[in-house]
Amino acid sequence: TLLKQFLDGKVQYQHIFKQYQIIGYLGKGAFGKVFKCQNKSNGKVVACKSIKKCNQYHEKDFLNEIQSMQNLKHPNLVQLKEFYIEQKHFYILMEYVQGETFKNYIKVNFLDEKEKIIIVQQLLSLVNYFHSEGYIYRDFKPENILFIENNVNKLKLIDLGLTIKNDELFRNKYQLCGTPGYMAPEVFEKTYTYDFKSDIFSLGVVIYELFSGNYLMQGYDSKELLNVNKQFQFNEEIVQITKNQTIQKLLQGMLQEDPFKRINSKEALDIFKNMNSNSDEQLSTSTD
Ligand code: ATP
């Protein structure tokens, strides 16, 4: 494979634009721009993330992102199609998701409880898959979640730029990463490394936002936000954003500041499954 050739130092630079033409602009992230591209020979449309080689993102990071995408396969995870390596850029070609990001989607759509629960179910299934495969996603936030054709049932997680295998973590000890407003408090502590439980916290913040329509952490700028994030403490008022007792229980377990008191992905799924076994009761309590 190209990846193996690349690792062996035998890779030839390729010219992605011989094969693909840019037909639209999709978005921008910290390191890359994402374009809508069309394959010149078969007309297929893909999303192409172009990343400029730089000190913050070099070969090691690219290989990590590609390998994570190759190893992880889940219906709610965007699929890798191809990748290209050029002199100054890396390109990741992936499944094109036509639809809104979670951030815009929940703003413009008045989702009912049933729809929100469908979203939670997909998120919990995803995080449980990552963790059972030994991967930590490290960047759960609304900007990294899209909905195909704006359908609640078709959630897709994008951007595996920070995804790491648990046993690789020792090489990246004390690396502060994530997004202000979504990071678990322990991530700021020098004595603690990033862990599966830190993903659970970030996802708890996302679920809070889904049910309340508000940010859990508030700050004027990212510096202040980071401080709020770092000093976050759970309190019982947080779960009052919903009457649904299962969601309350989930938030209570997921948003504990102490990672040892926080539930893991399996426990989160179990709480959720219990709701499904008496879902009628849950839904009626929450809508009265
Ligand atoms: P970050 O700053 O979060 O690390 P990044 O540079 O890794 O970002 P992405 O988050 O992957 O970039 O993508 C940036 C934007 O491009 C997304 O918010 C989304 O709007 C759009 N985008 C990314 N992947 C796709 C896709 N597969 N289909 C459609 N749009 C996409």
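Atoms within a ligand are numbered from 1 in the order they appear, just like the ligands themselves.
- Checked against a 6.0 Å centroid threshold, the rings of Phe102 and Tyr105 do not count as neighbours.
- Using a 4.5 Å cut-off between side-chain heavy atoms of Ile, Leu, Val, Met, Phe, Trp and Tyr, with links allowed through other members, Leu93 and Tyr25 fall into the same hydrophobic cluster.
- At a heavy-atom cutoff of 4.0 Å, ligand 1 is surrounded by Leu26, Gly27, Lys28, Gly29, Ala30, Phe31, Gly32, Val34, Ala47, Lys49, Val78, Met94, Glu95, Tyr96, Val97, Lys141, Glu143, Asn144, Leu146, Ile158, Asp159.
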Distance-only donor-acceptor pairs under 3.5 Å for side chains of residues 232-240, two or more places apart:
from: Asn235; atom 1: OD1; to: Glu237; atom 2: N; distance (Å): 3.0
from: Asn235; atom 1: OD1; to: Ile238; atom 2: N; distance (Å): 3.4
from: Glu236; atom 1: OE2; to: Gln252; atom 2: NE2; distance (Å): 3.0

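- Residues Tyr84 and Phe17 place their aromatic rings such that the two centres sit no closer than 6.0 Å.
- For residues 152-162, the pairs satisfying side-chain hydrogen bond (donor to acceptor under 3.5 Å, both in side chains) are Lys49-Asp159, Glu95-Lys156, Glu149-Lys154, Asn151-Asn153, with sequence neighbours left out.
- Among residues two or more places apart in sequence or in another chain, the ring pair (Phe, Tyr, Trp, His ring centres under 6.0 Å) test is passed with Tyr129 by His74.
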